[in-house]
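Below is one structure, written out as structure tokens; the observations come after it.
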Amino acid sequence: MKTWSRHAVTVTLAAAAIMMVTMGARQSMGLFISPLNSSTGLGIATISLALAVGQFTWGAIQPIAGALSDRHGPRMVLIGGLVVLALGTALTPFMTSGFGLIVSLGLLSAIGAGAGSFSVLIGAAAKRLPTEARGTASGIINAGGSFGQFVFAPISQKLIQSLGWMGALWSLALITLAALPLVGMVTRTGGLQPAAATGDMGMRRAVSDAVGNRSYLLLNAGFFTCGFHIAFLVTHLPGEVNLCGLPPSVASWSLAIIGLANIAGSLLAGASVSRFRSKSILVLMYASRAVLIGVYLVAPKTELTFYLFAAGLGLTWLSTIPPTAAIVGKLFGIRYLATLFGLALLAHQIGGFLGAYLGGLSIVATGNYQWMWYADMALAAAAALINLPIREAPIRPALATA
């Protein structure tokens, strides 16, 4: 197909591969909570706080990395992100205090993963691909992150078992550095030149217009609940599995199944944004999460229950990214897509901070996650309702048949 030139395929797959590494390493950190706690004695709440800070930091760096990419290009942003991610991961075994973990996991690793994540990669690809390919490309890039979770969760568990948690983290750092050659494939321009840079007033005006736009604010509010949901689960699902008396392998395979199912969900979401209104896709995704959690709460806590629950959640896990990015692009264009989508990801990760940290407080205070499940279900339902009033342009017939 003409839309998918060799250049378009190269850019998209390289971006997806970088996403696989940065998201795979980041989304596997929940597997290290128990061995890290056993080794350091810092306590679940302290470790959860470090990971919660990481959730917020990952979001806070998104608009900054996006703005740097929009202004100066994505190459150095991506290189710096991978190096800092590897550094933070490698330093974690040397940290013996809560503050040390906040520095390594909460700041360095999160900053690195954020700089090599959605806002920069999707923004870079959008400026190097024709309009007709952007929706599908965002789905493929997003699927790369999901595939990373599928691959890295069981690998991380095996590394922990064979090398110990310290050796596993050092191995992840080396894997991260191995992704550096992919940066050149993402940032080459090929036959389609990226949009020319403009002055500061252009970016400032774009941000000002966005924060004053009701639909953009509603989109961010829904995305906040998505962050709460994902961070709570990726951080505390291993703890939930342990409470149910099941082996740690159930947690690692559940995370892997979530990632595998989200590959299909991401590809479907990416293809759907050119055929259906993105807000309708988001409403369906958020509502389905509320239903799934309700079913999980009344189901027997067996291995099969966790695997089915993971498969259902995985279909919408990070599949909210393509329709959310599509709405931002429709509202404001692609010139500052990395910046404005980065701001949306900041809202996502404020929710992520609360999901990760409150989950730790819940287990310490009550010995279970029951109230967190109720809060997660309520927020998912609220997110579905919040997206309904978004004013989104209808799909044009030409795009619907692209």
Side-chain angles (χ1 to χ4, degrees), residues 23 27 30 55 59 118 139 142-143 145-146 149-150 218-237 240-241 251 254-270 272-273 276-299 301 305-327 344-345 347-356 358-359 362 369-390:
M23 288 299 293
Q27 296 285 59
Q55 292 287 342
F118 296 109
N142 194 49
S146 304
Q149 183 171 329
F150 170 70
L218 290 172
L219 183 69
N220 284 1
F223 218 29
F224 166 92
T225 69
C226 179
F228 182 97
H229 167 87
I230 289 177
F232 165 58
L233 284 170
V234 78
T235 304
H236 296 289
L237 186 60
E240 175 76 2
V241 168
S254 293
L255 291 173
I257 289 170
I258 288 173
L260 182 62
N262 198 227
I263 295 173
S266 296
L267 295 175
L268 179 61
S272 297
V273 297
F276 307 101
R277 288 196 178 187
S278 295
K279 73 170 187 178
S280 301
I281 299 172
L282 290 172
V283 168
L284 179 61
M285 287 181 176
Y286 291 136
S288 71
R289 291 180 180 182
V291 172
L292 280 168
I293 294 169
V295 171
Y296 166 77
L297 289 176
V298 299
K301 303 305 183 285
T305 294
F306 275 100
Y307 295 151
L308 292 176
F309 182 51
L313 289 175
L315 291 174
T316 69
W317 187 250
L318 289 171
S319 303
T320 55
I321 298 290
T324 301
I327 291 176
L345 283 166
H348 185 278
Q349 291 313 115
I350 292 174
F353 171 87
L354 293 174
L358 292 179
S362 175
Y369 296 106
Q370 198 71 14
W371 284 104
M372 287 296 295
W373 287 116
Y374 294 149
D376 195 15
M377 183 167 55
L379 286 173
L385 296 175
I386 286 170
N387 276 268
L388 286 173
I390 290 176

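Only a predicted model underlies this, so the values are computations on that prediction, with no experimental measurement involved.
Pairing each heavy atom of A384 with each of A287, the nearest pair is CB-N, 3.8 Å. Across A261 and A311, no two heavy atoms sit closer than the pair CB-O, 3.4 Å. Here the closest heavy-atom approach between residue A143 and residue I263 is recorded as O-CG1, 3.8 Å. Contact record, A383 with G222: CB-O, 4.0 Å, taken as the closest heavy-atom pair. Taking all atoms of both residues into account, the shortest heavy-atom contact from A326 to S278 is CB-OG, 3.5 Å. Of all heavy-atom pairs between T320 and C226, the closest is OG1-SG, 3.4 Å.
The CG atom of L313 lies 8.5 Å from the CG atom of L237; values are rounded to the nearest 0.5 Å. Taken from CD1 in I258 to CD1 in I230, the straight-line distance is 9.0 Å, to the nearest 0.5 Å. Atom CG of L379 and atom OH of Y286 lie 11.5 Å apart (nearest 0.5 Å). Atom CG of L282 sits about 6.5 Å away from atom CG of L219, to the nearest 0.5 Å. Here the CZ-CG distance, from F223 to N387, works out to 10.0 Å after rounding to the nearest 0.5 Å. To the nearest 0.5 Å, atom CG of residue L260 and atom CG of residue L315 are 10.0 Å apart.
With sequence neighbours excluded, no residue forms a side chain to side chain donor-acceptor pair (under 3.5 Å) with N220. Annotation: side chain to side chain donor-acceptor pair (under 3.5 Å) contacts of S266 (sequence neighbours excluded): N142, N262. When the ring pair (Phe, Tyr, Trp, His ring centres under 6.0 Å) test is applied to Y307, no partner is found at least two apart in sequence or on another chain. In terms of the side chain to side chain contact (heavy atoms under 4.5 Å, CB included) criterion, residue partners of T305 (sequence neighbours excluded) are, by chain and number, Y296, A299, P300, T302. Residues passing the side chain to side chain contact (heavy atoms under 4.5 Å, CB included) test with L218, sequence neighbours excluded: R214, I386, P389, I390. Scanning for side chain to side chain contact (heavy atoms under 4.5 Å, CB included) contacts around T316 gives M285, S288, R289, with sequence neighbours left out. Residues satisfying the ring pair (Phe, Tyr, Trp, His ring centres under 6.0 Å) test with Y369, not counting sequence neighbours, are F232, H236. Remark: L297 engages I293, Q370, W373, Y374, M377 in a side chain to side chain contact (heavy atoms under 4.5 Å, CB included) (not counting sequence neighbours).
Within the 4.5 Å cutoff, the side chain of F228 has heavy atoms near those of the L358 side chain. In this structure, the side chains of L345 and I321 come closer than 4.5 Å at one or more pairs of heavy atoms.
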Donor-acceptor pairs under 3.5 Å, side chain of residues 347-354 to any protein atom, not counting sequence neighbours: which ones?
residue	atom	partner	partner atom	Å
H348	NE2	G227	N	3.4
Q349	NE2	Q55	O	2.9
Q349	NE2	Q55	OE1	2.6

